[in-house]
Asks: 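Quick one: the structure is below, and I'll ask about it shortly.
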Amino acid sequence: MFNIYKIFSLSEIISFLENRNFENFGFTNDHAYINASSLEEGLLIESTDNKVSDENIELAVKVLKELDKCVSMAYKWLEHFNLKNDRWYPDALDEGFEISGIYVGNYGYGHFQTPLTEGFTITFSTKNSYPCEFTVKFHKNMHPFAVEEWVV
C-alpha cells in the first residue's frame, strides 16, 4: 500500500523502476507518484489504468541515473533569468536553485499547451523563496528545449 509519508532515495526509486515494483508508488487517474528525498515534490510518471509504460519506466530510470547531467543542462537555460532590476526580489537567484520535482511522460508547452511532447521536465525553485518556479522541458532524447516560469 502506498504511504504518502514515506520518502525514498533516488537509488531506491531506480531499483523499484528497474524491477517494475510499484508497491511504493501512489496512483492517480493518469499518474504514478513517489516521494524522493532529494525532490520536494517527488517523481511523477504518466500512467494509464495504474500501469506505467515500459518507455516511461526506461526514460525515468535514465533521467534519474543521469540527473546531474540533466541538471547541468537545465542550469544553462536557467542562467538566462536575471532579477537584478526586480523591485522586490533582486537577490532571488543569488543562492541558486534546487529541484522541486520531476515529471516523465507526455506534456504540452506554450500558451495553448500543444502539441504534446514525449519527454520529461525538471522543476526548480530558488533556494531563497522567490515566489516562482522554473520548469525546464526536455525531449525524450534528453535535450532541453524550453523553460517556463510560473507563480507558485
Asks: Show the nearest heavy-atom pair for residues A32 and F27, with the distance to one decimal.
Replies: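 Heavy-atom minimum between the residues: CB-CE2, 3.5 Å.
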
Asks: Quick check: do L10 and S38 have side-chain heavy atoms less than 4.5 Å from each other?
Replies: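 Of all side-chain heavy-atom pairs linking S38 with L10, at least one is under 4.5 Å.
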
Asks: Which atom pair, heavy atoms only, marks the closest approach of I13 to A36?
Replies: CD1-CB, 3.6 Å

Asks: Sub-3.5 Å donor-acceptor pair from the side chain of D49 to the main-chain atoms of K51, do we have one?
Replies: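 No: the side chain of D49 does not pair with the backbone of K51.
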
Asks: Relative to the ring of Y130, is the ring of F134 parallel (under 30°), tilted (30 to 60°) or perpendicular (over 60°)?
Replies: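 Answer is parallel, since the angle falls under 30°.
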
Asks: Between L39 and E41, does the side-chain contact (heavy atoms from CB on, under 4.5 Å) criterion hold? Intermediate values first, please.
Replies: CA-CA 5 Å; L39 307 174; E41 297 173 12; over 6 Å; no

Asks: Would you give the length of the straight line joining atom CG of N24 to atom CG of N35, rounded to the nearest 0.5 angstrom?
Replies: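 If I round to the nearest 0.5 Å, the distance is 10.5 Å.
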
Asks: Mind checking whether F124 and V147 have side chains closer than 4.5 Å, heavy atoms only?
Replies: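 A side-chain contact under 4.5 Å is absent here.
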
Asks: From T123 OG1 over to K137 NZ, what is the distance, rounded to the nearest 0.5 angstrom?
Replies: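 Nearest 0.5 Å value for the OG1-NZ distance: 8.5 Å.
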
Asks: Can you tell me how far apart NE2 (H31) and CG (L44) are? Round to the nearest 0.5 Å.
Replies: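 Reported value, rounded in 0.5 Å steps: 4.5 Å.
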
Asks: Report the C-alpha separation of T126 and Y89 in whole Å, then their side-chain angles, then the decisive distance to 0.1 Å, and conclude whether the side-chain contact (heavy atoms from CB on, under 4.5 Å) test is met.
Replies: CA-CA 11 Å; T126 63; Y89 299 99; over 6 Å; no

Asks: Aromatic ring centroids of F120 and F138 under 6.0 Å?
Replies: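 Between F120 and F138, the centre distance is under 6.0 Å.
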
Asks: In terms of side-chain geometry, is the basic nitrogen of E12 or K6 positioned less than 4.0 Å from the acidic oxygen of its partner?
Replies: no

Asks: Taking C-beta and beyond as the side chain, do I102 and L67 meet within less than 4.5 Å on heavy atoms?
Replies: yes

Asks: Show the nearest heavy-atom pair for residues Y107 and H139, with the distance to one decimal.
Replies: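 Taking every non-hydrogen atom into account, OH-N, 4.3 Å.
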
Asks: Is the number of heavy atoms from other residues, nucleotides or ligands under 6.0 Å of W88 CH2 greater than 12?
Replies: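 Atom CH2 in W88 is not crowded, with 12 or fewer foreign heavy atoms closer than 6.0 Å.
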
Asks: Measure the acute angle between the ring planes of F97 and Y75, then classify it against the limits of 30° and 60° as parallel, tilted or perpendicular.
Replies: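 Ring orientation of F97 relative to Y75: perpendicular.
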
Asks: Between the main-chain N or O of D94 and the side-chain N or O of D91, is there a donor-acceptor pair closer than 3.5 Å?
Replies: no

Asks: Search all heavy atoms of S100 against all heavy atoms of E133 and return the closest pair with its distance.
Replies: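 Closest pair (atom of S100, atom of E133, distance): OG-OE2, 3.0 Å.
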
Asks: Search all heavy atoms of F81 against all heavy atoms of E149 and return the closest pair with its distance.
Replies: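 The answer is CE2-OE1, 3.6 Å.
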
Asks: Would you say the side chain of V151 lies within less than 4.5 Å of the side chain of C132, judging by non-hydrogen atoms?
Replies: yes

Asks: Classify the ring geometry of F16 against F8: parallel below 30°, tilted from 30° to 60°, perpendicular beyond 60°.
Replies: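 F16 vs F8 ring planes: perpendicular.
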
Asks: I'd like to know if the side chain of E118 and the backbone of K140 have a donor-acceptor N/O pair within less than 3.5 Å.
Replies: no

Asks: Any side-chain heavy atom of L17 within less than 4.5 Å of one from L64?
Replies: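 L17 reaches L64 side chain to side chain.
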
Asks: Could you give the distance from CD (E40) to CD1 (I99), rounded to the nearest 0.5 Å?
Replies: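 Rounded to the nearest 0.5 Å, the CD-CD1 separation comes to 11.5 Å.
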
Asks: Please evaluate residues R20 and V52 with respect to the criterion side-chain contact (heavy atoms from CB on, under 4.5 Å), reporting the C-alpha separation (whole Å), side-chain torsions for both, the decisive distance (0.1 Å), and the verdict.
Replies: CA-CA 9 Å; R20 308 308 198 254; V52 179; over 6 Å; no

Asks: Do you know which two heavy atoms are closest between T28 and N50, and how far apart they sit?
Replies: O-OD1, 3.8 Å

Asks: Can you measure from CG (N19) to CD1 (I57) and round to the nearest 0.5 angstrom?
Replies: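 Separation between the atoms: 10.5 Å.
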
Asks: I need the K62 NZ to M142 CE distance, nearest 0.5 Å.
Replies: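 Going from the NZ atom of K62 to the CE atom of M142 covers 5.5 Å.
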
